[in-house]
Participant: 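One structure follows; several queries about it will come next.
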Amino acid sequence: AVLLRRRGGYEFVALHLLCQGVEIVLKSALLMIDYDANIGRLASKFRHNLETLAIEAQSVAGLKTLRAPLLSELRNLNSLYSSHLLRYATANDFLIDASSVPYQLVLRRMCAVMRLVDRAIAGSRVDA
């Protein structure tokens, strides 16, 4: 998503890819924390709901509650993503200005989450 945006790619595609990445990272983190408890819930409880995933991952990882600006940005992205409004080549292209959708706080937080996951994986290799 970041590379596509840097190269002037289509904004709807970049936002959709960003949201897919958020979904995959959060689901992966939940599986790393407790595979058995979370594998059955991925499709039934979380589905493609980024907000529910983020709150659950934050909770089970023992991290601080999401701050209001970040949560607001995530909710906005989630409303577009979970209702499939970011899929491109539809009438939404004329109704929504994808370049006006804020995503920076979510992107920064996801980079931090990926660093935490990398550290956890590296730590588990050292202990093994």
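Every heavy atom of this structure was used, including side-chain atoms; hydrogens, water molecules and symmetry mates were not.
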Participant: For Ala14 and Ala1, work out which heavy atoms get closest and say how close.
Facilitator: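 Looking at all heavy atoms of both residues, the shortest contact is O-CB, 3.2 Å.
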Participant: Hey, could you give me the CD1/CE distance between Ile24 and Met110, rounded to the nearest 0.5 Å?
Facilitator: 10.0 Å
Participant: I want to check something: taking the side chain as every heavy atom from C-beta on, are Leu42 and Leu31 in contact at a cut-off of under 4.5 Å?
Facilitator: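 The answer is yes, as the side chains (C-beta and beyond) meet within the 4.5 Å cut-off.
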Participant: For residues Leu4 and Met114: do they belong to one hydrophobic cluster (side chain heavy atoms under 4.5 Å, members Ile, Leu, Val, Met, Phe, Trp, Tyr)?
Facilitator: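 Hydrophobic grouping puts Leu4 with Met114.
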Participant: Taking all atoms of both residues into account, what is the closest heavy-atom pair of Leu105 and Glu73, and its distance?
Facilitator: N-OE2, 2.7 Å
Participant: Would a 4.5 Å heavy-atom cut-off, applied to side chains only, mark Asp34 and Val60 as touching?
Facilitator: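 When only atoms from C-beta onward are counted, Val60 and Asp34 do not touch, as no gap falls below 4.5 Å.
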Participant: Please round to the nearest 0.5 Å and tell me the distance separating atom CG of Leu107 and atom CZ of Arg109.
Facilitator: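 One finds 12.0 Å between CG of Leu107 and CZ of Arg109.
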Participant: Using modelled atom types and a 3.5 Å cut-off, is there a donor and acceptor pairing between side-chain atoms of Thr52 and backbone atoms of Asn49?
Facilitator: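 Between the backbone of Asn49 and the side chain of Thr52 there is no qualifying donor-acceptor contact (under 3.5 Å).
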Participant: Any side-chain heavy atom of Val117 within less than 4.5 Å of one from Ser28?
Facilitator: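 A side-chain contact under 4.5 Å is absent here.
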Participant: Output the distance between atom CG (Leu66) and atom OG (Ser72), rounded to the nearest 0.5 Å.
Facilitator: 11.5 Å
Participant: Just verifying a value: how many Å separate Tyr103 OH and Arg108 CZ, rounded to the nearest 0.5 Å?
Facilitator: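 The OH atom of Tyr103 sits 10.0 Å away from the CZ atom of Arg108.
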Participant: Quick check for you: to the nearest 0.5 Å, what is the distance between Arg67 atom CZ and Leu74 atom CG?
Facilitator: 15.5 Å
Participant: Could you list all the salt bridge (charged side-chain N to carboxylate O under 4.0 Å, His left out) pairs where at least one residue sits in residues 7-27, not counting sequence neighbours?
Facilitator: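 Listed once each, the pairs are Arg5-Glu11, Glu23-Lys27.
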Participant: Could you tell me whether the side chain of Asn76 reaches within less than 4.5 Å of the side chain of Pro102, counting heavy atoms only?
Facilitator: yes
Participant: Over all heavy atoms of both residues, which pair between Leu26 and Ala57 is shortest? Give the atoms and the distance, please.
Facilitator: CD2-CB, 4.0 Å
Participant: Do Leu50 and Leu116 share a hydrophobic cluster (ILVMFWY, side-chain heavy atoms under 4.5 Å, transitive)?
Facilitator: no
Participant: Identify the two heavy atoms, one from Leu30 and one from Asn38, that lie closest to each other, and give their separation to 0.1 Å.
Facilitator: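 Minimum heavy-atom separation between Leu30 and Asn38: O-ND2, 2.9 Å.
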Participant: What distance do Ile55 atom CD1 and Leu71 atom CG have between them, rounded to the nearest 0.5 Å?
Facilitator: 5.5 Å
Participant: Enumerate the ring pair (Phe, Tyr, Trp, His ring centres under 6.0 Å) contacts for residues 28-81, please, sequence neighbours excluded, ordered by first and then second residue.
Facilitator: His16-Tyr81
Participant: Arg41: which residues meet the salt bridge (charged side-chain N to carboxylate O under 4.0 Å, His left out) condition with it, sequence neighbours left out?
Facilitator: Glu56
Participant: Is any side-chain heavy atom of Met32 closer than 4.5 Å to a side-chain heavy atom of Ile121?
Facilitator: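 Side chain of Met32 against side chain of Ile121, heavy atoms only: contact under 4.5 Å found.
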